[in-house]
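Residue numbers count from 1 along this sequence. Remember, it's 1-based here, ligands and their atoms both numbered in the order they're listed.
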Amino acid sequence: MAEELKQIVGTKEEIYQSLLPQIKGLITGEGDLIANLANVSAALKQGLGFFWVGFYIVKGEELVLGPFQGPIACTRIRSGKGVCGTSWAEKRTIVVPDVDAFPGHIACSSDSKSEIVVPLIKDSSVVAVLDVDSDSLNSFDSIDDKYLNELCSWLSEYF
Ligand code: SME
């Protein structure tokens, strides 16, 4: 039976520092990708209170919605489209302080105000992206960038 996440209080950095080892513990020894991405989404939502958090997985010419937590979302995104498709095409993390100011942003929910997208890269190719949305402006900074990248570089090995 899965253990519960430890309740974490503190700064955002302290929360990441406590949460990431717990997430690694949660999925170590489990080889099923979908099960692991599902639990990672739930742990990030529970630990950090994100509005929407989940994965889009590269399938052919498109990103296809994978495990997530939050309101329903768009199912398919083409390369170069929206924040997710741009992160895929450019193989880089994108922090969007105000989604209305990002040309081509795809609005899955009108409540989403800021966003960070981190690519999962394996053997030099993007295999998926992690997308996190907030219902407030300016929610993501270098701390999210650092810890979500650490998580994604570790997760990419599961692909
Ligand atoms: N806003 C994203 C689409 C995915 S949803 O936010 C869940 C984008 O512009 O790629």
Side-chain angles (χ1 to χ4, degrees), residues 5 8 12-13 15-16 19-20 22-23 26-27 32-159:
L5 281 185
I8 312 162
K12 182 163 71 174
E13 182 147 40
I15 294 174
Y16 275 116
L19 189 60
L20 258 57
Q22 292 191 69
I23 291 177
L26 195 62
I27 72 174
D32 189 275
L33 179 65
I34 297 300
N36 285 336
L37 297 183
N39 256 342
V40 171
S41 302
L44 288 172
K45 169 103 172 145
Q46 191 181 332
L48 287 146
F50 294 138
F51 172 70
W52 193 97
V53 51
F55 296 88
Y56 281 90
I57 299 170
V58 173
K59 295 191 178 172
E61 300 302 305
E62 293 177 316
L63 290 168
V64 181
L65 183 63
F68 71 96
Q69 294 269 314
I72 59 166
C74 0
T75 313
R76 292 172 186 270
I77 299 172
R78 295 191 77 81
S79 179
K81 299 293 178 191
V83 188
C84 293
T86 304
S87 171
W88 175 22
E90 299 183 2
K91 287 191 189 173
R92 65 180 180 94
T93 298
I94 300 180
V95 176
V96 182
D98 176 356
V99 296
D100 289 336
F102 187 95
H105 167 259
I106 300 165
C108 295
S109 164
S110 57
D111 290 330
S112 175
K113 302 285 186 245
S114 59
E115 181 165 3
I116 182 170
V117 178
V118 180
L120 281 71
I121 298 173
K122 186 174 189 187
D123 300 331
S124 306
S125 295
V126 176
V127 289
V129 300
L130 170 64
D131 181 18
V132 186
D133 287 23
S134 167
D135 57 5
S136 304
L137 292 166
N138 298 306
S139 289
F140 304 105
D141 55 24
S142 58
I143 295 174
D144 302 284
D145 188 326
K146 174 181 169 189
Y147 288 101
L148 294 177
N149 266 283
E150 185 183 320
L151 174 67
C152 286
S153 66
W154 187 73
L155 278 178
S156 63
E157 295 307 316
Y158 282 78
F159 280 74

Go through it in stages, so that I can follow the logic: the residues are Asn36 and Asp32, the test is side-chain hydrogen bond (donor to acceptor under 3.5 Å, both in side chains), and I'd like the CA-CA distance, side-chain angles, deciding distance and then a yes or no. CA-CA 6 Å; Asn36 285 336; Asp32 189 275; over 6 Å; no
Verdict with supporting geometry, Ser109 and Asp133, side-chain hydrogen bond (donor to acceptor under 3.5 Å, both in side chains): CA-CA 9 Å; Ser109 164; Asp133 287 23; over 6 Å; no
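Those atoms of ligand 1 with a heavy atom of Trp52 less than 4.0 angstrom away are 7 (C). Which parts of ligand 1 touch Gly82 is read off a 4.0 Å heavy-atom cut-off, strictly below it: atoms 9 (O), 10 (O). Every atom of ligand 1 with a heavy atom of Cys108 under 4.0 Å away is listed here by number and element: 3 (C), 4 (C), 5 (S), 7 (C). Interface atoms of ligand 1 facing His105, defined by a heavy-atom separation under 4.0 Å, are 1 (N), 9 (O). In summary, the atoms of ligand 1 found under 4.0 Å from a heavy atom of Glu115, numbered by their order in the structure, are 1 (N), 2 (C), 6 (O), 8 (C).
In terms of protein heavy-atom proximity, atom 8 (C) of ligand 1 is nearest to Val83 N, 3.3 Å. Considering only non-hydrogen protein atoms, atom 1 (N) of ligand 1 sits nearest to Ile106 O, 2.7 Å.
Checked by atom type and distance alone, the side chain of Lys113 never pairs as donor or acceptor with a backbone atom of Ser134 at under 3.5 Å. When atom types are taken as modelled, the side chain of Ser87 and the backbone of Thr93 share no donor-acceptor pair closer than 3.5 angstrom. Side-chain atoms of Ser156 come within 3.5 Å of backbone N or O of Ile121 as a donor-acceptor pair.
Atom NZ of Lys59 sits in a sparse spot, with 12 or fewer heavy atoms from other residues, nucleotides or ligands closer than 6.0 Å. Residue Lys81 places its NZ atom among 12 or fewer non-hydrogen atoms of other residues, nucleotides or ligands, all under 6.0 Å distant.
Not one N or O of Cys74 is nearer than 3.5 Å to an N or O of ligand 1, by distance alone. Taking only nitrogen or oxygen atoms, main chain and side chain alike, Asp131 reaches within less than 3.5 Å of ligand 1. Checked against a 3.5 angstrom limit, the closest N/O atoms of Cys84 and ligand 1 fall inside it.
Contacts of Asp133 with ligand 1, taken as heavy-atom pairs under 4.0 Å, involve the side chain alone. No part of Phe102 comes within 4.0 Å of ligand 1, judged by heavy-atom distances.
For the atom pair CG (Leu155) and CG (Leu130), the distance works out to 8.0 Å, reported to the nearest 0.5 Å.
A donor atom on one side chain and an acceptor atom on the other are found under 3.5 Å apart for Tyr147 and Glu13.
Judged by the shortest distance from any of its heavy atoms, Phe68 lies outside the 4.0 Å radius around the atoms of ligand 1.
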